[in-house]
There are 2 protein chains.
Amino acid sequence: MSKCEQCIVRQLNSLNELTKDELIRISACKTSKVIKKGEILFNEGEYINGVFCIKDGVCKVTKMSDNGRDQIIKLVKKGDLLGERSLISEEAANLRATALNDLEVCFIPKEEIVKDLKQNNNFTMSMLKELAVSLREADDVIVDMAQKTVKQRLAETLLYLHNNYTKTENGALEIQLSRDDIASIIGTATESAIRLLSSFKKDELIKLKGKDIFILNPEKLKKIAEGF
Amino acid sequence: MSKCEQCIVRQLNSLNELTKDELIRISACKTSKVIKKGEILFNEGEYINGVFCIKDGVCKVTKMSDNGRDQIIKLVKKGDLLGERSLISEEAANLRATALNDLEVCFIPKEEIVKDLKQNNNFTMSMLKELAVSLREADDVIVDMAQKTVKQRLAETLLYLHNNYTKTENGALEIQLSRDDIASIIGTATESAIRLLSSFKKDELIKLKGKDIFILNPEKLKKIAEGF
DNA sequence: CGATTGCTTGACCCCCATCAATCCTCGTGG
DNA sequence: CCACGAGGATTGATGGGGGTCAAGCAATCG
């Protein structure tokens with residue numbers, strides 16, 4: 001079993017504010033898990049009773065709307081925490097997390113996190129700051145969803161993937177999203193997403209090869225995202 | 001000048017976790033302000049350098065989208081804090097706050113809040129919890145914006161106002177929103193909002209009298225919001 | 001090699017954005 | 001006290017974006 005003290009991933013989130021002693025304590029009681037592609041890490045309505053730390057892989061975080069369609073709220077990758085929000089507000093999970101590829105995660109029980117929140121102010125402040133940033137990002141998404149066209153949102157999403165995810169050596173985006181996933185990020189029907197993707201392809205903004213997506217012209221995509 | 005220790009409004013937010021001594025300190029350096037209807041409390045991009053506490057009145061919090069239209073992100077009323085998010089993440093304000101009616105606010109400078117965040121863990125935890133709840137609410141809004149029709153969102157908004165705002169003695173909603181404001185909450189054109197309002201009126205779900213809105217049938221509105 | 005799942009394209013139509021004209025309301029000044 | 005003007009509210013007409021249904025196609029898997 002690997003140790004938290006030596007984990008590189010931890011550097012990427014609030015856990016890097018923990019002291020060595022705190023890390024050793026947490027390392028002793030954390031559990032590791034491997035989630036296969038397509039499997040569900042946790043479900044809307046579940047009480048998670050802890051926090052997940054993503055060691056490797058990508059995971060989609062979705063919420064079911066009243067009309068029965070899934071909406072992807074965010075993508076979560078190596079180094080991100082998952083479940084902190086529900087833990088802090090002491091609510092059931094408001095979202096479902098599903099692995100997009102094979103996922104390695106660590107699970108830290110609630111009591112341990114709560115203990116550190118109470119005694120380590122740096123940790124608490126760092127968590128507070130992370131939530132504050134998430135909240136701004138959520139505000140931005142609200143505006144986009146409310147005001148932008150599907151085309152603009154697709155352009156924005158492609159840009160986001162381009163800027164935040166690694167590429168394979170041939171230049172394709174490393175994350176493999178289904179057409180359904182893409183549609184469910186931008187909040188539209190799968191067919192609409194597909195049609196817009198092909199139109200972007202015709203305009204040589206992107207290239208499509210199976211599930212591989214190549215971003216050819218980020219500048220132009222940015223202009224589209226902002227409304228020409 | 002009124003004192004924070006005796007302020008009832010404070011009971012409604014995280015500030016009620018402050019100790020008596022802390023309150024006295026804050027009381028000494030806070031300032032009060034009156035903002036007239038329609039005036040701007042702060043603007044997107046400003047560094048607020050503090051937190052506002054709403055003593056009385058209602059305020060809309062908006063963000064301008066790339067296409068130039070305002071989107072109302074939330075309504076803020078008596079007892080709510082404003083500006084905590086930007087303060088915590090140490091960013092410029094991502095939103096603009098505009099008074100919907102005459103507004104009484106107190107302003108607490110950043111350093112005072114930061115000092116308390118560092119030394120009073122209960123206060124920090126309470127703030128953390130508030131942000132966590134806001135984040136869940138934002139997630140819900142994202143899903144609604146992405147998946148629901150304008151009609152559903154209007155029904156939901158009317159319900160929200162019905163459940164969270166007081167009524168005048170004749171039963172009308174106390175907040176006076178222009179048609180533009182309503183449109184900008186649900187993220188649509190003013191004309192669309194107006195048309196849907198009249199259709200709701202025809203179906204006797206609501207009554208309209210000038211800017212007064214009477215909610216007649218919340219149950220039916222709820223069904224509409226959920227998609228029949 | 002069927003069969004299931006995902007991708008793509010076509011056809012259709014409704015919701016909603018936009019433009020335009022009119023009406024209403026209210027504050028201001030003559 | 002009324003006339004007038006300006007901004008908000010309302011209604012009509014119109015066109016396009018995008019949701020939905022359906023059918024054909026590609027790919028993956030037992």
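Residue numbering restarts at 1 for every chain, and letters A, B, ... go by the order of the sequence lines. Hydrogens, waters and symmetry mates are skipped; everything else that's a heavy atom, side chains included, is used.
Nucleic acid contact for B:Thr190: none, since no nucleic acid atom lies under 4.0 Å from a heavy atom of the residue. Backbone-only engagement by A:Lys211 is indicated by non-hydrogen atom pairs under 4.0 Å involving sugar-phosphate atoms exclusively.
The shortest distance between the side-chain N/O atoms of A:Ser192 and the OP1/OP2 oxygens of D:dG19 is below 4.0 Å. Side-chain N/O atoms of A:Ser198 include none lying less than 4.0 angstrom from OP1 or OP2 on C:dT8.
Distance from the side chain of B:Arg69 is smallest for C:dT18 among the nucleotides D:dG19, C:dT18, C:dC16. The side chain of B:Glu191 sits closest to D:dT11 out of D:dT11, C:dT9, C:dC16.
Between the C1' atom of D:dT11 and the CG atom of B:Leu208 lies a distance of 15 Å, rounded to the nearest Å. Between B:Ile194 atom CD1 and C:dT25 atom P the separation is 14 Å, expressed in whole Å. When rounded to the nearest whole Å, the span between CG of B:Leu196 and P of C:dC16 equals 7 Å. A:Asn67 places its CG atom 13 Å from the C1' atom of D:dT20, with the value rounded to the nearest Å. A:Gln176 has its CD atom 14 Å from the C1' atom of C:dC7, to the nearest Å. C:dT9 atom P lies 7 Å from atom NZ of A:Lys202, rounded to whole Å. In this entry the distance linking NZ of A:Lys148 with C1' of C:dA17 reads 18 Å, nearest Å. In this structure, A:Lys209 places its NZ atom 13 Å from P of D:dA27, rounding to the nearest Å.
For the atom pair CD1 of A:Ile206 and CD1 of A:Ile213, the computed distance is 6.0 Å after rounding to the nearest 0.5 Å.
For the residue pair B:Ser178 / B:Asp180, no side-chain donor-acceptor distance below 3.5 Å is found, with atom types taken as modelled. With no hydrogens or angles considered, a side-chain donor-acceptor pair links A:Arg85 and A:Ser89 at under 3.5 Å.
A:Tyr165 and A:Tyr160 have perpendicular rings, their planes meeting at more than 60° on a 0 to 90° scale where under 30° would count as parallel.
A donor and an acceptor atom sit less than 3.5 Å apart, one in the side chain of B:Arg195 and one in the base of D:dG12.
A:Val105 places none of its side-chain heavy atoms less than 4.5 Å from the side chain of A:Ser32.
If you find the closest nucleotide of DNA chain D to B:Ser178 and to A:Ala189, the one lying nearer the 5' end belongs to B:Ser178.
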